[in-house]
Amino acid sequence: MARFAHTVTVATLDRGWFEEAAGALVDLLDASREGPGGSVVLADGRPVEGLRLLRGRHLRPGARYGEVPAVPEGAGEVPVEQAGAEVPVGHARAEEAPVEHAGAEAGDSPDAPQAVVLRTWRPSHSVEAESLVEEDGMSLKVGLRLSEPRRPRAVELSLSGHKPGGGSLYRFSGRGKADLAAWWAAVDRLPSAPPAARAPVSGRAVHRLAEARLTLTPRPAEDGSWRITVVLSMRGRWLLRPVGAVVLFFARGPVERGLREAAESAAGEWNTALAELTPSHGEALRAEIADALVNPDGATTL
């Protein structure tokens, strides 16, 4: 197995602010409702930019969201009365038939923009969503699970893909997890303490010919920043392990350079984003998040 590592320095993120922002975002979405034509509107009546309900009941399992090409006004829309708009959000009867809006069929088309299916919406426990995408001849399935969304403890990501008719060489899968509780514990140590024994962030990708594992392990620096060690491990699978070892031996330089450049680029973007951030709290934070949902291009600070 070939192992590559690189360490970067990044600015710290305030845990209290992060959890407050996450809770405010979840509360805003939890209080949202379905508007005309499948739009999703906040409690103050403003529509969320780029988010449209294509099928199902808002914030109910099976609800499908996405963007579809514009259609002529009134073409194929479900009348408000039929859409069940008079039923308060969160109290719709489970036995009611799912609602389909104009463009729902487009959400099932291989050429349609990406659509997201909500699997679970329990803000105090977990939120799960799944995305099915057809792009460049590849079929991709992405799953996301967030534990305790109002005060996030873990984020889990799954990915699988294949090319229809392409055989096993065109299949791959991957899983990743960010244990946020373990992350905060790792960065709360003294700078002189040894790093965490288990990486809080890890991911694994598998292909018929090879597999790779990526980990991120943070530790506090003397100046208050975070030092994050990125480790990439790669190896061939089955009978190809010896061949993979030879290939990785000759490719070690390019792989090391690619990992270093990717890590430094990500760290630079992170530091730039935090440098431009002016944290707010309470109602001011909630209002700024709501404004960002309604007009993403106009949001400047949080």
Side-chain angles (χ1 to χ4, degrees), residues 4-29 42 46 48-51 127 142 144 146-157 176-196 199-203 214-232 255-302:
F4 311 89
H6 185 69
T7 300
V8 295
T9 301
V10 301
T12 61
L13 175 66
D14 181 73
R15 178 179 183 177
W17 179 86
F18 169 74
E19 292 181 344
E20 182 183 359
L25 174 60
V26 171
D27 288 343
L28 283 167
L29 294 177
L42 300 179
R46 293 183 295 168
V48 176
E49 177 70 21
L51 185 62
V127 171
V142 183
L144 178 69
L146 182 62
S147 299
E148 299 185 28
R150 286 196 170 97
R151 192 177 180 183
R153 290 188 58 83
V155 181
E156 298 175 64
L157 180 69
K177 180 178 181 179
D179 186 337
L180 300 182
W183 181 281
W184 298 123
V187 296
D188 281 343
R189 296 165 176 250
L190 294 174
S192 58
V201 179
S202 63
L214 182 72
T215 63
L216 304 181
T217 304
R219 62 182 303 178
E222 293 288 350
D223 62 0
S225 60
W226 290 343
R227 297 275 290 168
I228 301 178
T229 299
V230 185
V231 177
L232 173 65
V255 173
E256 285 182 331
R257 183 168 58 253
L259 176 64
R260 181 175 63 252
E261 292 176 353
E264 292 291 347
S265 175
E269 292 179 4
W270 171 275
N271 291 334
T272 299
L274 287 191
E276 297 174 349
L277 182 66
T278 304
S280 56
H281 298 276
E283 287 302 316
L285 175 61
R286 182 183 176 90
E288 288 173 2
I289 293 176
D291 290 342
L293 290 173
V294 173
N295 181 21
D297 295 334
T300 55
T301 64
L302 290 176

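All residue numbers in this chain count up from 1 along the given sequence.
Residues Arg15 and Arg151 have side chains in contact (heavy-atom distance under 4.5 Å, counting atoms from C-beta outward). Contact check for Asn295 versus Glu49: no side-chain heavy atoms found under the 4.5 Å cut-off. Taking 4.5 Å as the limit, some side-chain heavy atom of Arg227 sits within range of a side-chain heavy atom of Thr9.
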Point to revise | side chain to side chain contact (heavy atoms under 4.5 Å, CB included) between Leu25 and Leu293, worked out | key: CA-CA 9 Å; Leu25 174 60; Leu293 290 173; 4.0 Å; yes
**Study point:** CA sep, side-chain torsions, deciding dist, call: Thr215, Ser202, side-chain hydrogen bond (donor to acceptor under 3.5 Å, both in side chains)
**Key:** CA-CA 4 Å; Thr215 63; Ser202 63; over 6 Å; no
Exercise for review: Give the C-alpha distance, both sets of side-chain angles, the deciding distance and a yes or no for side chain to side chain contact (heavy atoms under 4.5 Å, CB included) between Val26 and Val127.
Suggested key: CA-CA 10 Å; Val26 171; Val127 171; 5.9 Å; no
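Here the CG-CH2 distance, from Leu13 to Trp184, works out to 4.5 Å after rounding to the nearest 0.5 Å. Put simply, NE2 on His6 and CZ on Arg257 are 13.5 Å apart, with the number rounded to the nearest 0.5 Å. Note that CD of Glu156 is 9.0 Å distant from CG of Leu144, once rounded to the nearest 0.5 Å.
Arg219 and Ala193 get closest at one heavy-atom pair: NH2-O, 2.9 Å. Residue Pro152 comes nearest to Leu146 through the heavy atom pair CB-CD1, 4.1 Å, listed as atom of the first residue, atom of the second, then distance. Taking every heavy atom of both residues into account, Glu288 and Ser280 meet most closely at OE1-OG, 2.9 Å. Here the shortest heavy-atom pairing between Val10 and Asn271 reads CA-OD1, 3.3 Å. For Trp17 against Leu277, the heavy-atom pair with the smallest separation is CH2-CD2, 3.8 Å. Nearest heavy atoms, Ala196 versus Thr217: O-CG2, 4.1 Å.
Between the Thr272 side chain and the Gly268 main chain, a donor and an acceptor come within less than 3.5 Å of each other. Checking side-chain atoms of Arg189 against main-chain N and O of Pro194 turns up a donor-acceptor pair under 3.5 Å. Side-chain atoms of Glu264 never come within 3.5 Å of backbone atoms of Val8 as a donor-acceptor pair (strictly under, hydrogens ignored). A donor-acceptor contact shorter than 3.5 Å links the side chain of Trp270 to the backbone of Ala11.
For Arg150, the side-chain hydrogen bond (donor to acceptor under 3.5 Å, both in side chains) test picks out Asp27, Ser124, with sequence neighbours left out. Legend: residues meeting salt bridge (Lys or Arg N to Asp or Glu O under 4.0 Å) with Arg46, ordered by chain and number and at least two apart, are Asp44, Asp291.
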